[in-house]
Amino acid sequence: MKYMPIGFRSSFPKSVFKVCTDLGHIYYWPRAANTCHPDLLKYSHKPILTFGLHNGQLLPSFSKRVQLTLYLLFTTDMGVKRNSSTIDESATGSPKTKAQKTSTGPIDTSLPNNKVFPENFDFPEKPEGTIKISSYNVASLNASIKKGFNKYVDAEDADILCLQETKVNSPVSTAVNDKVYKYRYWSYEDKKGYGGTAIFSKYKPLSVTYGLPGYEDKSRGRVITASFPSFVIIACYVLNAGDKLKSLDERRVFNSYMEKHIRALQKDNKSVIWCGDLNVAHTADDLARPKTNERSAGFTIEERTDFSKVLAPSSDNIPGLIDTWRHLHPDTKGHYTYYSYRFACRDKLLGWRLDYFVITPDLLDKVVSCDIRHEAWGASDHVPLVLVLKDVKMTE
């Protein structure tokens, strides 16, 4: 039998429940034990929903224990994953408390949903004559190392490894083998425990700069630009628009300076790879719950429009860039790079595609593959994204 999602005015089959109110409490009372879900019996005759005065309105308030219980008991197969007055579990921004039905978007149930970082990996060997670039938001490098980060680094054996959200303010000696990655570059936020990016390379760059030109003070801890003979790589951790979109205006300023930086490199005839956690799900196919996240950080129309501008030709006819993974997988849905630790999002494969390799068109014929390492979840709430290129020159 089905158990309907609970809402303030929800009704239940009379053969299953009777909803009673008593002095501001709502009780869920099974009328017959043999028709009631067994896990619900322990809540019989107990108040599970109370009301409180919020901004002059009398609103329902679930306890955390009860929220989880109700979710487990009353999820159905009708596409409604959460009841009203609960948190939107797949949002990266502020929690959703507005009463609404949650519409589930694309989910690919064939993908791994492991909750623990694997001990071993079986990645395909890199084709001869190619280079491999990996991008990985580690969500605190020190914490990721404790969960198995180095196992991934050794198994992937990327030529260039770009990290985001390192949350460190000095180099971490145990991050990589310095005999393998001889060239290591770190950027730091002024505020301890925030942001931070890094590039580890087997090849020496021609030059390395930090931050966005003209906006260095606000971006130094989020952007590293490394130049190689065949391309310039911009390793980036884009600013999150934040809870209640409080940083959306600042995010858009960052976006504008990033576009200027990319276009200036293009004008200088540079091939560009813009990679990292770009903190945007570009289309409705890039997150599991688009309809309930239209004003959530990472899926606002403002952020998506700014990203689209980079993918489109500029006003002076500089070619637009290409979202490599989407270009190679135009019809693939339900494949994400971020799964929140909260609300069992990984278990249910409710994610966002926030990590990218965005390239200039002249590099497209050099792309061999661009793959999400779906199984490599658990050392971070993100998984790595890997780009393989052929016919590129790494040394002069």
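What's counted below: heavy atoms across the whole structure, side chains too, no hydrogens, waters or symmetry copies. Treat the numbers as computed from the prediction; the structure is a model and nothing was measured.
- At least one donor-acceptor pair under 3.5 Å links the side chain of Thr305 to the backbone N or O of Ile301.
- Here the side chain of Lys132 pairs a donor or acceptor atom with the backbone of Glu156 at under 3.5 angstrom.
- Residue Val280 is found in a hydrophobic cluster whose other members, listed by chain and number, are Leu212, Tyr215, Val223, Val232, Ile234, Val238, Val253, Phe254, Tyr257, Met258, Ile262, Leu265, Val272, Trp274, Leu278, Phe307, Val310, Leu311, Leu321, Tyr356, Val358; membership requires side-chain heavy atoms under 4.5 Å apart, directly or through intermediates.
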Working note: Ile233 + Cys162, criterion side-chain contact (heavy atoms from CB on, under 4.5 Å); need CA distance, chi angles, decisive distance, verdict. CA-CA 10 Å; Ile233 188 165; Cys162 303; 3.8 Å; yes
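- Considering OH of Tyr336 and CG of Leu350, their distance stands at 8.0 Å, rounded to 0.5 Å.
- Side-chain contact check for Arg251 versus Asn240: every heavy-atom pair is 4.5 Å or farther apart.
- Both tests pass for Arg304 against the ring of Phe299: distance under 6.0 Å to the centre and angle within 45° of the axis.
- The CG atom of Asn279 sits 9.0 Å away from the SG atom of Cys236 when rounded to the nearest 0.5 Å.
- Ring to ring, Trp377 and Tyr341 are close: their centroids are under 6.0 angstrom apart.
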Would you please test Asp355 and Trp325 for side-chain contact (heavy atoms from CB on, under 4.5 Å) and show each step? CA-CA 10 Å; Asp355 303 83; Trp325 187 88; over 6 Å; no
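- In this structure, the side chain of Asn114 engages the main chain of Glu375 through a donor-acceptor pair within 3.5 Å.
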Could you walk me through whether His335 and His329 pass side-chain hydrogen bond (donor to acceptor under 3.5 Å, both in side chains), step by step? CA-CA 10 Å; His335 288 219; His329 308 87; over 6 Å; no
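- Distance check: Arg222 CZ to Tyr194 OH gives 10.5 Å after rounding to the nearest 0.5 Å.
- A salt bridge links Asp306 with Arg252: the closest approach of a Lys/Arg side-chain nitrogen to an acidic carboxylate oxygen falls below 4.0 angstrom.
- Every residue two or more places apart in sequence or in another chain that forms a side-chain hydrogen bond (donor to acceptor under 3.5 Å, both in side chains) with Thr225 is listed here: His261.
- The two residues Tyr203 and Asp159 have their closest heavy-atom pair at CE1-OD1, 3.8 Å.
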Can you list the steps and then say if Gln164 with Ser135 is a side-chain hydrogen bond (donor to acceptor under 3.5 Å, both in side chains)? CA-CA 8 Å; Gln164 303 90 45; Ser135 175; 3.1 Å; yes
Between Phe231 and Phe228, does a ring pair (Phe, Tyr, Trp, His ring centres under 6.0 Å) hold up when you go through it step by step? CA-CA 5 Å; Phe231 58 82; Phe228 295 91; 5.5 Å; yes
Apply ring pair (Phe, Tyr, Trp, His ring centres under 6.0 Å) to Phe117 and Phe121, showing your working. CA-CA 10 Å; Phe117 201 63; Phe121 296 95; 5.4 Å; yes
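- Of the inter-residue distances, the one linking Ser140 atom OG with Asn137 atom CG reads 10.5 Å to the nearest 0.5 angstrom.
- The distance from the OG1 atom of Thr283 to the NZ atom of Lys333 is 9.0 Å, given to the nearest 0.5 Å.
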Please report the C-alpha distance between Trp186 and Val172 in whole Å, then the side-chain angles of each, then the deciding distance to 0.1 Å, and finally whether the side-chain contact (heavy atoms from CB on, under 4.5 Å) criterion is met. CA-CA 10 Å; Trp186 301 80; Val172 178; 3.9 Å; yes
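- Taking CG of Leu389 as the start and OG of Ser230 as the end, the distance is 9.0 Å to the nearest 0.5 Å.
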Start with the C-alpha gap between Glu303 and Thr300, add the side-chain angles, then the distance that decides, and say whether side-chain hydrogen bond (donor to acceptor under 3.5 Å, both in side chains) holds. CA-CA 5 Å; Glu303 293 164 294; Thr300 64; 2.6 Å; yes
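- Paired with His382 under the rule ring-ring contact (aromatic ring centres under 6.0 Å, His included), one option of Tyr339, Trp352, Tyr338 passes, and it is Tyr338.
- In the hydrophobic clustering, Val116 connects to no other residue, as no ILVMFWY side-chain heavy atoms lie under 4.5 Å from its own.
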